[in-house]
Amino acid sequence: MKTMDIKITDDEALVLFELLTRFTEEGLFGFEDQAEMRAVWNLQAVLEAAVSGPFLPNYKVILAEARDRLRDEGNLTNADAEQEKGRLALWLDPEQIQFLANEWRKIPKETPETIRKQWGEVAFRAMAALHKAGIKHAPELPQSGEELQVEE
């Protein structure tokens with residue numbers, strides 16, 4: 001895969017990091033400060049100068065191919081691929097799915113990585129199901145000291 005170098009300022013990197021961290025933790029993409037909007041605009045300008053795809057007549061094809069290359073291995077949200085793997089549909093109420101999407105954040109940091117990864121995959125699938133159903137999900141972040149207790 002071809003790579004490129006892009007240049008942004010330290011301030012832009014810090015502001016973008018905070019914006020993206022908030023997005024990945026809360027599932028909401030919104031600007032808290034005008035500086036975040038400016039950093040996104042600046043990044044868009046840098047990318048616009050670096051890529052040619054948006055200006056080509058077959059841009060949609062190029063974009064689809066890029067998305068295919070970037071997806072997680074196994075395309076975790078593709079219904080046909082899931083069925084081919086023998087995975088079952090799990091019919092839950094939206095509130096139950098939101099519960100699953102939230103619980104993984106409560107797992108103690110000392111929990112084995114394999115368990116944390118499994119919970120992360122369940123949470124990802126739960127959030128994808130909500131998104132596909134058009135249901136907005138507002139993640140509940142654990143309060144300090146609130147963690148899921150795991151017995152060993």
Side-chain angles (χ1 to χ4, degrees), residues 1-92 94 96-109 111-142 148:
M1 181 179 295
K2 182 182 167 193
T3 63
M4 69 172 59
D5 292 323
I6 59 172
K7 295 190 184 296
I8 59 175
T9 67
D10 289 346
D11 289 343
E12 289 167 334
L14 183 61
V15 170
L16 287 167
F17 173 80
E18 178 60 26
L19 173 66
L20 295 172
T21 299
R22 195 171 60 247
F23 171 68
T24 57
E25 290 177 356
E26 300 172 12
L28 301 172
F29 191 85
F31 300 118
E32 283 188 357
D33 188 284
Q34 193 275 330
E36 292 174 343
M37 185 179 293
R38 169 54 55 204
V40 169
W41 287 339
N42 292 353
L43 179 59
Q44 181 183 13
V46 168
L47 292 172
E48 185 176 344
V51 298
S52 60
F55 308 106
L56 297 174
N58 60 341
Y59 171 67
K60 290 188 186 241
V61 171
I62 294 169
L63 178 61
E65 290 170 349
R67 286 176 172 164
D68 286 343
R69 288 188 297 271
L70 278 175
R71 281 194 189 91
D72 291 337
E73 187 177 318
N75 197 3
L76 298 176
T77 61
N78 181 312
D80 293 333
E82 295 300 317
Q83 193 170 24
E84 286 175 19
K85 292 178 184 176
R87 293 190 174 136
L88 305 173
L90 180 61
W91 299 102
L92 299 173
Q96 294 169 313
I97 295 173
Q98 288 174 329
F99 172 80
L100 288 173
N102 286 323
E103 286 304 297
W104 77 283
R105 290 183 171 89
K106 299 177 185 176
I107 297 173
K109 290 183 179 12
T111 301
E113 183 63 28
T114 56
I115 293 173
R116 293 180 64 80
K117 184 176 181 195
Q118 286 179 329
W119 264 107
E121 289 173 4
V122 168
F124 174 81
R125 291 173 190 277
M127 288 183 279
L130 292 170
H131 177 75
K132 284 184 177 185
I135 298 171
K136 295 201 183 289
H137 173 64
E140 296 174 15
L141 301 177
L148 182 67

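All residue numbers refer to positions in the sequence shown, counting from 1.
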Residues 35-46 vs side-chain hydrogen bond (donor to acceptor under 3.5 Å, both in side chains), sequence neighbours excluded, gives Glu12-Asn42, Arg22-Glu36, Arg38-Asn42
*asked:* Just checking Phe99: does its CZ atom have more than 12 heavy atoms from other residues, nucleotides or ligands closer to it than 6.0 angstrom?
replied: no
- Query: Just wondering, are more than 12 heavy atoms of other shown residues or ligands nearer than 6.0 Å to CG in Asp68?
  - Reply: yes
Heavy atoms, side chains only, cut-off 4.5 Å: are Met4 and Val51 in contact?
yes
To the closest 0.5 Å, what do you measure between [atom1] ([X]) and [atom2] ([Y])?
X: Arg125; Y: Ile97; atom1: CZ; atom2: CD1; value: 13.0 Å
X: Leu16; Y: Thr21; atom1: CG; atom2: OG1; value: 10.5 Å
X: Glu113; Y: Gln118; atom1: CD; atom2: CD; value: 11.0 Å
X: Met37; Y: Leu19; atom1: CE; atom2: CG; value: 10.5 Å
X: Leu63; Y: Asn58; atom1: CG; atom2: CG; value: 11.0 Å

For [X] and [Y], work out which heavy atoms get closest and say how close.
X: Ala123; Y: Ala101; answer: CB-O, 3.9 Å
X: Leu100; Y: Ala126; answer: CB-CB, 4.2 Å
X: Pro94; Y: Leu130; answer: O-CD2, 4.1 Å

Any donor-acceptor pair under 3.5 Å linking the side chain of Arg116 with the backbone of Thr111?
->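 No, because the side chain of Arg116 does not come within donor-acceptor range (under 3.5 Å) of the backbone of Thr111.
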For Glu65, the side chain to side chain contact (heavy atoms under 4.5 Å, CB included) test, sequence neighbours excluded, returns Val61, Arg69
Applying salt bridge (Lys or Arg N to Asp or Glu O under 4.0 Å) to Asp5 and not counting sequence neighbours gives none
